[in-house]
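This report refers to the structure that appears directly beneath it.
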Amino acid sequence: MTTTGLHRPAPGSVPPPAAGTRRYRATAGWRLARLYLVSRRAPMALGLLAGLGALLWTALHWRWNIAGGPAARQFIPLTIETGAAAVIAVTTYGPFGEPERAAGRWLPWLRLGAAVALTAVAFGVLAAGAAAGGMPGGTLALLRNFGGLVGLGLLSAVVLGGPVAWTGPMAYLLVAEGALAHRSATPWVWPTRPPHDRGGAICACLVLVAGLVLITVRGPRESGRESGPAS
C-alpha cells in the first residue's frame, strides 16, 4: 500500500490558489487587512461613528442650542466632531506589539489605509448628520475642523500611545472653546476662523498630514518596555 493519491483533491473541488499567483496575493492581502481592522476594533469604531453622526443630526434637527456667544453655539457640534476624532485616534492601538511589527513591510500601509478609511467614513456620517441644517459654518467648516482634530488625535497616538490618544483632541476642544469665548482668532485654532479662511484651512491640513505621515511611519507609542513609537 502506498501514499500515492492521498492528497489529490476531491472531484469537482476547487484547489486553493498557488502561492505567488495574483489571486493568492489578493486573498492574503484581504485576510491581512481584515485581521488588522479587527485587531483595531474597527467594527466597533464604525458603530460609534454612526452613532455620533445620528447624534449630530438629532442635535441640529431638534435645535439643541446653548444660549451664549460663538463658544456656546459651536459647543455641541464641535464636541461631537472631537468625539469622532478621538474614536479614530484610539483605533491606532493594537494589542500584539512586537509580533505584529514582525509582519513586515505591509504594516505602515495598513496603518495609513485604516486611518484614511475611518476618517473618510467619519466625515461622511458627520456630513450626513449636518444635512439636518443649522451646522455652524456648514460642511466646509466641518471638513476643516474635523480633519484637524483627526490629525491631532493621530499625533497624540504617536507621542502618547493609542489608548490615551483621545486626550489630544479633547484638550484641543477646551482650547478652541476658550478661544471662541474670548473671541481670539489665530489660524492654529481653526474653529475660531470663518469657513473660507485660508489660514485656518492650511493649519488644519498641515496637522492632518503630519498625523497621517507619522502614524504611518512610526506607529503609535507603546507603553511598557518600549519608550518610543512602534516602528
Side-chain angles (χ1 to χ4, degrees), residues 29-53 78-126 142-176 188 190 203-231:
W30 164 246
R31 184 181 298 114
L32 181 62
R34 181 173 59 84
L35 292 175
Y36 179 87
L37 291 173
V38 170
S39 72
R40 263 58 183 183
R41 301 160 301 280
M44 181 184 297
L46 292 174
L48 290 173
L49 293 174
L52 288 170
L78 198 57
T79 300
I80 294 174
E81 295 166 25
T82 301
V87 169
I88 295 172
V90 171
T91 59
T92 59
Y93 169 72
F96 301 117
E98 185 66 34
E100 183 183 66
R101 294 200 303 276
R105 59 192 177 94
W106 291 110
L107 186 55
W109 296 108
L110 291 170
R111 293 170 184 157
L112 177 62
V116 170
L118 286 175
T119 301
V121 170
F123 175 73
V125 297
L126 291 177
L142 169 65
L143 177 61
R144 178 197 63 193
N145 296 344
F146 177 65
L149 286 166
V150 170
L152 285 171
L154 297 177
L155 290 174
S156 299
V158 173
V159 175
L160 303 175
V164 294
W166 57 270
T167 57
M170 290 297 178
Y172 187 82
L173 172 64
L174 298 178
V175 172
W188 289 105
W190 44 84
C203 290
C205 287
L206 288 175
V207 173
L208 176 59
V209 170
L212 288 173
V213 169
L214 287 178
I215 201 65
T216 299
V217 176
R218 303 296 302 277
R221 181 188 178 96
E222 291 188 2
S223 58
R225 296 191 303 269
E226 294 188 352
S227 59
S231 58

| said: For a quick test of reading the model, state the closest non-hydrogen atom pair linking S156 to G168 and the distance between them. | reply: OG-CA, 3.2 Å
| message | Using 0.5 Å steps for rounding, measure from the CD1 atom of I88 to the CZ atom of R40. | response | 15.0 Å
| request: Say whether, by atom type as modelled, one donor and one acceptor occur between the side chain of R111 and the main chain of T216 under 3.5 angstrom. | output: yes
| query | How long is the gap from CG on L160 to CG on L155, to the nearest 0.5 Å? | reply | 10.0 Å
| request: Grab the two heavy atoms, one from F146 and one from T119, that are nearest each other, plus how far apart they are. | output: CE2-O, 3.7 Å
| remark: So CG of L49 and CD1 of I80: to nearest 0.5 Å the spacing works out to 12.5 Å
| Evaluation steps, side-chain contact (heavy atoms from CB on, under 4.5 Å), between L154 and L214 | CA-CA 8 Å; L154 297 177; L214 287 178; over 6 Å; no
| said: Quick check: do P163 and Y93 have side-chain heavy atoms less than 4.5 Å from each other? | reply: yes
| How close do V159 and R221 get, heavy atom to heavy atom, and via which atoms? | O-CD, 3.0 Å
| In Å and rounded to the nearest 0.5 Å, what is the CG to CH2 distance from L149 to W190? | 6.5 Å
| How about V121 and L46: do any of their side-chain heavy atoms sit closer than 4.5 Å? | yes
| remark: Between T91 and A45, the two heavy atoms sitting closest are CG2-CB, 3.6 Å
| query | Of the non-hydrogen atoms in I215 and L212, which two are nearest, and what is the gap between them? | reply | CG2-O, 3.4 Å
| note | On a heavy-atom basis, the closest approach of A114 and L37 is CB-CD2, 3.9 Å
